[in-house]
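This report refers to the structure that appears directly beneath it.
Labels below follow one simple rule: chain letters A, B, ... track the order of the sequence lines, proteins then strands, and each chain is numbered from 1. Just the heavy atoms: all of them, side chains too, but no hydrogens, waters or symmetry mates, feed the values below.
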2 protein chains.
Amino acid sequence: METLNPPVHLNDPELKRSAAIAKALGHPARIAILKLLAQRDTCFCGDITEVLPLAQSTVSQHLKALKAAGLVTGEVEGVRTCYCLNPDGVKELKNLLSELSDELFDTCC
Amino acid sequence: METLNPPVHLNDPELKRSAAIAKALGHPARIAILKLLAQRDTCFCGDITEVLPLAQSTVSQHLKALKAAGLVTGEVEGVRTCYCLNPDGVKELKNLLSELSDELFDTCC
DNA sequence: GTATATTATCGTAATTAAACGATAAAGCAT
DNA sequence: ATGCTTTATCGTTTAATTACGATAATATAC
C-alpha cells in the first residue's frame, strides 16, 4: 500500500547529528578509543598510542574527530592532554541508538 | 592509576563489524532510507528516489552500501527491486548499540 | 517487435578521510 | 638556559566517498 511520504530534508539537524555521531563510530580505531576511555582512568594521547598500532599523529587525528563529534573532551594538563568520554555526547549517542532501535522494528514488504 | 591495556587489534572481526555498521549509518541519506523502510511497506528504489533530494543513481548507490553492510535486503521483483530492512542486520545493529551503551558508562579522569 | 519503465552500473569529478613523517609549541626537569 | 617529553599541526600521498549524467539491461505494456 502506498503510504505516501513527505520529502526528506537531508539538512535536518537531527538527521545530520545522528549521521555525524554514527560516522564518528565508523572506524575501528575510534571505537577502540572510546572503549579504552571507558575502561581506563588515565587517558592521555600517549597511552592510547601505546596500545593502538597507529602513529601518534594518526591517533591525535582520531581523537580530534571524536572531539569534533562531541563524544570526547580533551583537557590540557601541562604538556599533556587528558581525554575523557563526554557524558553529554555519550548520552546523545545512547538516545540515538535507542531511537533507532525503536524505529527500526523488523518489517518486510 | 595505570591500568595497563593489551594492544588493540584493529582487524578484530567484531570491532571491524561494529565500525562497518556504524559507517553505514554515517550518512543522513542512509539513515533516512532505513527509517523509510521501517515505515513503508513498499520499498522500491523509485519510491525512495521520489522522496529524497538525490539522483536515482545516487540512491541506488546508498542502497548498495546498506545492503553490503547487511542492514537491508533487495529482492528483484520483475523489473523493480524491493528493498527491506534485513532483520538479522537490524538485530546486529541493536546488539552493537546496547553493547556500546553498556560499555560507555560515563567516566572522567 | 517496439516502446516504456525501472534499476544497476559505468565513467567522471570533487570532496573527504586515513595514514605517515617531520616539525612546532609548550611544559617540565636538570 | 638547555634539553627532554608530549601533543597538535603541517605537508603529503593514497584511497575512499559522494554525487551526477549517461548508458545498459531487463521486464512489462502495447
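- B:Glu50 has its CD atom 14 Å from the C1' atom of C:dT7, to the nearest Å.
- Along DNA chain D, the nucleotide nearest A:Leu10 and the nucleotide nearest A:Gly46 are compared for position; the residue whose nucleotide lies closer to the 5' end is A:Gly46.
- Summarising the geometry, the separation between CG on B:Leu25 and C1' on D:dT18 is reported as 17 Å, rounded to the nearest angstrom.
- The shortest distance between the side-chain N/O atoms of B:Ser57 and the OP1/OP2 oxygens of C:dT7 is not below 4.0 Å.
- With rounding to whole Å, A:Arg80 atom CZ is found 13 Å from D:dT5 atom P.
- Contact between B:Leu71 and B:Ala24 at its shortest, heavy atoms only, is CD1-CB, 3.9 Å.
- Of all the heavy atoms in B:Ser101 and A:Leu97, the pair that sits closest is OG-CD1, 4.0 Å.
- Per the geometry, NZ belonging to B:Lys67 stands 13 Å off P belonging to C:dT7, to the nearest Å.
- Listed nucleotides: C:dT7, C:dT6, D:dC20. Nearest to the side chain of B:Val79: C:dT6.
- A side-chain donor-acceptor contact under 3.5 Å links B:Ser98 to the backbone of B:Lys94.
- The listed nucleotides are C:dA18, C:dT9, C:dT7; the one nearest the side chain of B:Lys64 is C:dT9.
- Both A:Leu54 and A:Gly78 lie close to DNA chain C; mapped to their nearest nucleotides by heavy-atom distance, the more 5′-ward contact belongs to A:Leu54.
- Side chain of A:Tyr83, nearest nucleotide from C:dC20, D:dT7, C:dT9: D:dT7.
- The phosphate of C:dA8 (OP1 or OP2) has a side-chain N or O of B:Ser60 nearer than 4.0 angstrom.
- Closest approach of A:Cys43 and A:Leu37 over heavy atoms only: CB-CD2, 3.2 Å.
- Listed nucleotides: C:dA8, D:dT18, D:dT7. Nearest to the side chain of A:Gln56: D:dT7.
- Taking atom CZ of A:Phe44 as the reference point, atom P of C:dC28 lies 11 Å away to the nearest angstrom.
- Distance, A:Gln61 CD to C:dC20 C1': 9 Å, rounded to whole Å.
- Across all their heavy atoms, A:Arg30 and A:Ala65 have their closest contact at CD-CB, 4.1 Å.
- Atom pair A:Glu75:CD and C:dA26:P shows a separation of 19 Å (rounding to whole Å applied).
- At the phosphate of C:dA19, OP1 or OP2 sits under 4.0 Å from a side-chain N or O atom of A:His62.
- The side chain of B:Lys23 has D:dT17 as its nearest neighbour among C:dC20, C:dT16, D:dT17.
- Look at CD1 on A:Ile31: it is 12 Å from P on C:dA18, rounded to the nearest Å.
- Comparing D:dA19, C:dT6, C:dT9 by their closest approach to the side chain of B:Thr58 singles out D:dA19.
- With C:dA18, C:dA26, C:dC20 as the choices, the nucleotide that has an atom nearest any side-chain atom of A:His27 turns out to be C:dA18.
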